[in-house]
There are 2 protein chains.
Amino acid sequence: MNLKQLSELLHLSQTTVSRALNGYPEVSEATRKRVQAAAQAHGYAPNMRARSLATGRAMSIGHVIPVSSKHEMVNPVFADFIAGAGETYSRNGYDMVLSVVSDDGEEAAYRAFKMKGSVDGIIVHAPRLGDPRIHLLNEIGLPFVVHGRASDAQEPYAWVDVNNTHAFERATRFLLDLGHRRIALVNGLETMDFAIRRRHGFEAALAERGLSADLALISSDEMTEAYGHDTARALLARPDPPTAFLVSSMITAIGVRRAIEELGLVMGRDVSVITHDDELSYFRNGGDTRLYTATRSSVREAGKRSAEMLLDMIHNQTGPQELLLEAELTLGQSTGPTSKET
Amino acid sequence: MNLKQLSELLHLSQTTVSRALNGYPEVSEATRKRVQAAAQAHGYAPNMRARSLATGRAMSIGHVIPVSSKHEMVNPVFADFIAGAGETYSRNGYDMVLSVVSDDGEEAAYRAFKMKGSVDGIIVHAPRLGDPRIHLLNEIGLPFVVHGRASDAQEPYAWVDVNNTHAFERATRFLLDLGHRRIALVNGLETMDFAIRRRHGFEAALAERGLSADLALISSDEMTEAYGHDTARALLARPDPPTAFLVSSMITAIGVRRAIEELGLVMGRDVSVITHDDELSYFRNGGDTRLYTATRSSVREAGKRSAEMLLDMIHNQTGPQELLLEAELTLGQSTGPTSKET
DNA sequence: AGAAGTGCCCAAAGCGCTTTGGATACCAAA
DNA sequence: TTTGGTATCCAAAGCGCTTTGGGCACTTCT
């Protein structure tokens, strides 16, 4: 059923039917009702491609999902981010189109979005330091929102981010207050902007107390479970093992915990752990009692906010907006004062 | 830059330019080269919406991602599934469009895909027993591939699935061979087809040995970490605790392990655990030595295969195909013979 | 009574592409 | 020389929608 057929069926022009359905005022309420009823009855919905062609709006938002060529890994937070964003899209009649792309093909993917005219805006995931994408997108001229930031970007751009620096600063202070001095940072890949900020926060808190970070206790890699395990295992085998771990992801923290327990130690008593918690739906931090002390910020909420910001930019032609979300420091069982040893 | 502009620039007709770019033979190699060069130089790519309107093919595949209204959970395997499928799509010039939808809005989402004409085919996720979607989609008339099966479907449909029954049958036998008799099944939601099959496999293996499943040892829910933990915790507190757990997801298995260790027990020695491993990229089963004994099957591979099947069906108008993938039983450190007690 | 709205509807152009059905030129075959 | 074939190109229709620019019949105002 297309517009033409529907209009013939109703003995009306396509114009009128189209207007009736799209809520234009130049049509009487009586016929509007009639048209809507008929559309409903015959299951008519405008062909999006035709409509898009006519209006110039694609009514869809593009996400470029990078797949790490190293671990063939797709960041697990995407699922939740997308759930948050997707909800907003569908509420506003937008579709979400995903382009899964390995590290190298990224630029082409963004250009393709523009050239093929298949989206009205783009969400940029996982910005890196010196990320060329924000310049690229400004040049391309498609509205976009970055989930995260690119600290050294020269141009204005819209972003939604968690205050990573502050979060890890507070977490570090918290550990320091508990008496910890040898704190390991099990960070994400430090080509990623968020990881750099977390490290800065970590270092800033140490500096505040006149301490400086022990490079041997800092590691950086893709945040798998195995990475957490192997790193913690190695660090705990040192002559002067860390008494606390600051971990960049819940999944990695699982691995850290595994290493701790393999050594017969107890997390929260012998070794403290604070992790960042994205509130992934399948990984809620414990049940009633939280397992991990964590810097918490819902990535799903970030997805929702990013989508809203982008749609707002598209509809109101507004310039780049910025939104900084604060992470909560939530107490769990994974932290405690240092044991008596020195 | 659009076709018209490009053709004027080349002093050719739109027809010729279009044909040159699309590889039709009615154009000399010389002009084809010239056209391709110009297209490249000016960054021309055909507008997908216009092309789709003209050809009737949307060049994109729809995925409906259900979000559990209960846990607001989006299944973590989607990310990897989509990574696998997405690669295949982009290699074939297809886009992937996602529709995130809560349990109730599903039917509308599929209908919308058809009516709006925005996709050429659909991948159906997480089929349930008595899933109305396969009938719906057959009625709608869009090619589709189900990731999983709906055991009681009355009509033919295309699917890609893991042999869940067989996998859990083997896993159960393996535990039985190790001497385990009180085996707990920590299953996924048994409205899901895969969970039902796994349970059948579990029960079949028990029946083979003249045993029958103890209902008290069987649980079923959405596969979060907390669910694994709480369930195992409760079961292990029984007067006759299970000596082994058969778990439906790696994430849930993490929770089971946590419960085991909280009680001062050691997984693999005091309590055995087998889990299903989807080979999620960020959750590779241990490093060199596998942590869990597992029934393993890559969900990413399943995504790839599903996408290939769907594209094949679309291009060659072939009827529904079927693909059953076998899961490997991989040995890890999480299983061992029963302890001496009874 | 005539002018000026106003409410309701329509014909047709146009979005950017593909594809049908020629047109033209050239060459080999009859 | 005529015919038929082949290689190369083009004009125009059409995909299904929105939107411009009226048209027509009533009211309402002067």
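Each chain gets a letter, A, B and so on, in the order the sequences are listed, and its residues count up from 1.
- Across the protein-nucleic acid pair, Arg51(A) atom CZ and dT18(D) atom P stand 5 Å apart, rounded to whole Å.
- In this structure, the side chains of Ile134(A) and Pro127(A) stay at 4.5 Å or more apart for every pair of heavy atoms.
- No option in Tyr110(B), Tyr89(B), Phe113(B), Phe78(B) other than Tyr89(B) meets the ring-ring contact (aromatic ring centres under 6.0 Å, His included) test with His63(B).
- Taking each heavy atom of Ile123(A) and Ala307(A) in turn, the nearest pair found is CD1-N, 4.4 Å.
- Atom OH in Tyr24(B) sits roughly 8 Å away from atom P in dT18(C) (whole-Å rounding).
- When the nucleotides dC9(C), dT18(D), dC10(C) are ranked by their closest atom to the side chain of Val27(A), dC9(C) comes out on top.
- At whole-Å resolution of the value, CD in Glu8(A) and C1' in dC9(C) are 17 Å apart.
- At whole-Å resolution of the value, NZ in Lys116(A) and P in dC15(C) are 22 Å apart.
- On a pure distance criterion of 3.5 Å, no polar donor-acceptor pair joins the side chain of Ser18(A) and the base of dT19(D).
- The CD-P distance, from Gln5(A) to dC15(D), rounds to 11 Å in whole Å.
- Val77(A) approaches Asp278(A) most closely through the heavy-atom pair CG1-OD2, 3.5 Å.
- When rounded to the nearest whole Å, the span between NZ of Lys4(A) and C1' of dA11(C) equals 13 Å.
- Axis deviation across the helix from dA1(C)-dT30(D) to dA30(C)-dT1(D) amounts to 60°, comparing end segments of five pairs, rounded to 10 degrees.
- The distance from atom CE of Met115(A) to atom P of dC17(C) is 12 Å, rounded to the nearest whole Å.
- Side-chain contact between Pro132(A) and Arg128(A) is present, with at least one heavy-atom pair separated by less than 4.5 Å.
- You'll find that the side chain of Ser28(A) is closest to dC8(C), out of dC8(C), dT19(D), dG21(C).
- Residues meeting the ring-ring contact (aromatic ring centres under 6.0 Å, His included) test with His135(A), sequence neighbours left out: none.
- Checked by atom type and distance alone, the side chain of Asp161(A) never pairs as donor or acceptor with a backbone atom of Leu325(A) at under 3.5 Å.
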Step by step, would you call Phe81(A) with His147(A) a side chain to side chain contact (heavy atoms under 4.5 Å, CB included)?
CA-CA 9 Å; Phe81(A) 184 91; His147(A) 177 216; 3.3 Å; yes

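- The side chain of Arg19(A) lies closest to dG21(D), out of dT19(C), dG21(D), dT18(D).
- Checking dT18(C), dC17(D), dC9(D) against every side-chain atom of Gln14(B), the shortest atom distance belongs to dT18(C).
- When each of dA11(D), dG16(D), dC10(C) is scored by its nearest atom to the side-chain atoms of Thr15(B), the top-ranked nucleotide is dA11(D).
- Of the candidates dT18(C), dC10(D), dC17(C), dC10(D) carries the atom nearest the Thr16(B) side chain, counting heavy atoms from C-beta on.
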From CA spacing to verdict: side chain to side chain contact (heavy atoms under 4.5 Å, CB included), Asp95(A), Met59(A)
CA-CA 6 Å; Asp95(A) 280 337; Met59(A) 294 306 283; over 6 Å; no

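- When each of Asn2(A) and Arg32(B) is assigned the nucleotide of DNA chain D bearing its nearest heavy atom, the one mapping closer to the 5' terminus is Arg32(B).
- Look at Asn47(B) and you won't find any side-chain N or O under 4.0 angstrom from OP1 or OP2 of dC15(C).
- Across dC17(D), dT19(D), dC10(D), the shortest atom-to-atom separation from the side chain of Ala50(A) is found for dC17(D).
- Residues from residues 52-61 of chain B that place a heavy atom under 4.0 Å from any atom of DNA chain D, listed by number: Leu53(B), Ala54(B).
- For the pair Arg111(B) and Glu139(B), the minimum side-chain heavy-atom distance is below 4.5 Å.
- Atom CD in Glu26(A) sits about 10 Å away from atom P in dT20(D), given to the nearest Å.
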